[in-house]
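A short write-up of the structure that comes next.
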Amino acid sequence: MLGDLMLSWANIKRNKLRTLLLLFTICSGFLIFGVLGTLNFSMSGGSDTFAQSRLMVMSQGGLVNPLPLSYQQRIAKIDGVESVGHATWYGLHYQDTDQDIMSFAVDAENWIPQHPEMVMEQGAVDNFLRTKNGLLVNYHIAKRFGWRVGDVVPLKSILFQPSSGEGFWSFKVSGLFTTTDESGGRKYVIAHYDFLNDSRVIWQNTVGTFIVVPEEGVEPNQLATRIDDHFLRSSNNTFSATDKAFHDDFFKQFGDVFFIIKSVVLISFLSIVLVVASTIALTVRQRTRDIGVLKVIGFSNARIFGIIYGETYILVAIGALVGLALSFGVNKAMIYYWPIIPDINLPSFVVLQAIGIALMLGAIAGLIPSILALKMKPAEAFKVHE
């Protein structure tokens with residue numbers, strides 16, 4: 001087995017320029033997959049089971065139409081509801097409008113238990129709960145602006161102006177948090193709803209969305225239907241969907257991003273299959289005599305088949321590893337320079353997908369060259385001159 005792999009490796013090194021170009025092609029494909037696959041994973045809300053069961057309840061007219069705060073008590077009484085929180089988009093930015101921050105004014109005592117994907121120390125939670133103008137900040141946002149716990153930061157809102165007339169909201173950084181990869185690595189800040197509601201001049205006692213956690217065993221979509229039916233005859237009808245579905249619909253406003261990403265990845269790997277298969281098939285044709293010699297000295301068809309496939313998988317493995325390593329670096333740079341990019345480098349889900357694609361790519365690309373090698377007859381092989 002080891003000897004056959006050494007033969008495969010020796011064949012790969014025979015034409016170094018061709019091998020480098022082939023590795024560049026494979027590496028580029030996995031680099032693209034690592035970056036776009038991670039972005040797709042994050043935009044679709046990751047694989048977080050909480051996001052798939054947690055419900056978002058908003059106005060049927062969209063987020064621009066807030067719902068009455070009183071709906072919270074009505075939703076809590078609906079059969080199958082375990083807890084109800086709420087969140088209102090704040091629209092905050094720091095210094096300049098291009099330094100916008102995903103920000104929400106929330107019902108903190110419900111929000112935090114409803115979002116276990118937030119990773120932070122208990123001290124940060126306690127500090128936030130007792131500070132009315134407190135702000136819980138994602139670690140990468142704090143790093144971008146140089147904020148530390150205890151800092152007082154002035155933030156402007158494109159939507160809400162404080163009644164004091166100052167033109168900005170003064171927050172105290174209560175703690176930092178990160179979010180798990182499974183949740184898509186979302187980056188945001190949260191503030192207290194009461195701090196917003198007591199001082200804003202419009203839409204008092206209204207919220208943007210309610211967050212509902214179903215009781216154990218309750219199917220989320222059925223509960224969503226039950227909630228919407230409850231408000232069917234109200235002046236403010238509701239639309240309920242899972243957090244993940246809401247996340248997907250949000251990005252679909254910018255076009256079918258998921259389809260575009262998948263199309264780019266598919267075209268990239270189809271091109272790689274054609275390039276790898278044709279290149280290795282060419283090398284097999286050029287090594288006709290060598291393969292004939294191997295058959296004459298007793299190499300079985302199975303061993304020759306394995307040697308050709310060994311070349312394919314070695315090339316694919318090296319290209320995939322380098323490509324994924326580069327994508328990790330690119331993702332990290334994107335997180336640093338573009339804070340809107342989610343806080344996620346290379347999730348295990350994407351790595352597992354890449355491994356599966358590499359195995360499939362090697363199997364498909366190595367098939368035709370291996371069949372060509374098996375069909376060669378020793379007598380005919382020696383008639384071919386390089």
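Small disclaimer: the values here were computed from a predicted structure and weren't measured.
A parallel orientation is assigned to the rings of Trp111 and His115, their planes being inclined by less than 30° (bins at 30° and 60°).
In this structure, CG in Leu67 is found 13.0 Å from CG in Asn205, a value given to the nearest 0.5 Å. Put simply, CG on Leu359 and CD1 on Ile355 are 7.5 Å apart, with the number rounded to the nearest 0.5 Å. Rounded to the nearest 0.5 Å, atoms CD1 (Ile190) and CG (Asn138) are 11.0 Å apart. Distance check, rounded to the nearest 0.5 Å: CH2 of Trp203 to CG of Asn65 gives 8.0 Å. The distance from the CG atom of Asn236 to the OG1 atom of Thr206 is 9.5 Å, given to the nearest 0.5 Å. The distance from the CG atom of Leu136 to the OH atom of Tyr188 is 9.0 Å, given to the nearest 0.5 Å.
For the salt bridge (Lys or Arg N to Asp or Glu O under 4.0 Å) test, no residue two or more places apart in sequence or in another chain qualifies with Asp126. Considering only residues two or more places apart in sequence or on other chains, Phe168 meets the ring-ring contact (aromatic ring centres under 6.0 Å, His included) condition with none of them. A search for side-chain hydrogen bond (donor to acceptor under 3.5 Å, both in side chains) contacts involving Thr312 returns nothing, not counting sequence neighbours. For Phe231, the ring-ring contact (aromatic ring centres under 6.0 Å, His included) partners at least two apart in sequence or on another chain are Tyr71. The side chain to side chain contact (heavy atoms under 4.5 Å, CB included) search around Ile101 returns Tyr94, Ile141, Phe145, Trp147, Leu155, Val189, not counting sequence neighbours. Partners of Arg200 according to the side-chain hydrogen bond (donor to acceptor under 3.5 Å, both in side chains) rule, which considers only residues two or more places apart in sequence or in another chain, are Tyr193, Asn197. In this structure, Phe210 has no ring-ring contact (aromatic ring centres under 6.0 Å, His included) partners at least two apart in sequence or on a different chain. Residues passing the side-chain hydrogen bond (donor to acceptor under 3.5 Å, both in side chains) test with Asp151: none are found, sequence neighbours excluded. In this structure, Ser59 has no side-chain hydrogen bond (donor to acceptor under 3.5 Å, both in side chains) partners at least two apart in sequence or on a different chain. Scanning for side chain to side chain contact (heavy atoms under 4.5 Å, CB included) contacts around Ile364 gives Val273, Met360, with sequence neighbours left out. For Leu326, the side chain to side chain contact (heavy atoms under 4.5 Å, CB included) test picks out Cys27, Leu31, Val322, with sequence neighbours left out.
Taking hydrophobic clusters as Ile, Leu, Val, Met, Phe, Trp and Tyr residues chained together by side-chain heavy-atom distances below 4.5 Å, Val173 shares a cluster with Tyr139. A continuous path of ILVMFWY side-chain contacts below 4.5 Å connects Phe160 to Val201, so both sit in one hydrophobic cluster. Note: the hydrophobic cluster containing Val137 does not contain Val119 (ILVMFWY, side chain heavy atoms under 4.5 Å, direct or indirect links). If you chain together hydrophobic residues whose side chains sit under 4.5 Å apart, Ile318 and Tyr309 fall into the same group. Residues Val213 and Val57 fall into different hydrophobic clusters, defined by Ile, Leu, Val, Met, Phe, Trp and Tyr side chains chained together at heavy-atom separations under 4.5 Å.
A side-chain donor from one of Gln72 and Asp107 sits under 3.5 Å from a side-chain acceptor of the other.
Across every non-hydrogen atom of Leu92 and Ser157, the tightest pair is CD2-CB, 3.9 Å. Looking at every heavy atom in both residues, Gly175 comes nearest to Val149 through CA-CG2, 4.0 Å. Across all non-hydrogen atoms, the minimal contact from Ser327 to Leu346 is OG-CD1, 3.8 Å. Smallest separation of non-hydrogen atoms from Gly34 and Asn331: O-ND2, 3.5 Å. Shown here for Thr242 and Pro220, the closest heavy-atom pair between the two residues is CG2-CB, 4.2 Å. Annotation for Ser174 and Thr131: closest pair OG-CB, 4.0 Å, computed over non-hydrogen atoms.
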Practice prompt. Test Asp229 against Thr225 for side chain to side chain contact (heavy atoms under 4.5 Å, CB included), laying out the working first.
Written response: CA-CA 6 Å; Asp229 288 345; Thr225 302; 3.6 Å; yes
Practice prompt. Starting from the C-alpha separation in whole Å, work towards a yes-or-no answer on side chain to side chain contact (heavy atoms under 4.5 Å, CB included) for Leu315 and Thr19.
Written response: CA-CA 8 Å; Leu315 287 168; Thr19 297; 3.8 Å; yes
Worksheet item: Between Glu121 and Leu176, is a side chain to side chain contact (heavy atoms under 4.5 Å, CB included) present by the stated rule, with each step listed?
Response: CA-CA 8 Å; Glu121 296 180 355; Leu176 308 181; over 6 Å; no
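Counting heavy atoms from C-beta outward, Val106 and His192 have side chains that stay 4.5 Å or more apart. Contact annotation: the side chain of Phe33 never approaches that of Thr38 to less than 4.5 Å [non-hydrogen atoms, C-beta and beyond]. Between Ile227 and Thr238 there is a side-chain heavy-atom pair separated by less than 4.5 Å. By the 4.5 Å heavy-atom criterion applied to side chains, Val152 and Phe171 are not counted as neighbours. Looking only at side-chain heavy atoms (C-beta outward), Leu274 and Leu270 stay at 4.5 Å or farther from each other. Residues Leu22 and Val275 are in side-chain contact: their nearest non-hydrogen atoms beyond the backbone lie under 4.5 Å apart. Contact of the Asn110 side chain with the Ile211 side chain is not registered, since no non-hydrogen atoms from C-beta on lie closer than 4.5 Å. Side-chain contact between Val264 and Leu36 is present, with at least one heavy-atom pair separated by less than 4.5 Å.
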Using residues 74-91 as the side-chain source, report each donor-acceptor pair under 3.5 Å to any protein atom, sequence neighbours left out, with the distance given to one decimal.
residue, atom, partner, partner atom, Å
Ser83, OG, Gln114, NE2, 3.0
Thr88, OG1, Gly208, N, 3.2

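Between Phe269 and Phe30, the distance separating the two ring centers is shorter than 6.0 angstrom.
When atom types are taken as modelled, the side chain of Trp169 and the backbone of Leu196 share no donor-acceptor pair closer than 3.5 angstrom.
Using a cut-off of 4.0 Å between Lys/Arg side-chain N and Asp/Glu carboxylate O, Arg226 and Glu219 are scored as not salt-bridged.
Within 6.0 Å of CD on Glu216 lie no more than 12 heavy atoms contributed by other residues, nucleotides or ligands. In this structure, Glu109 places its CD atom where only 12 or fewer heavy-atom neighbours from other residues, nucleotides or ligands lie under 6.0 Å away.
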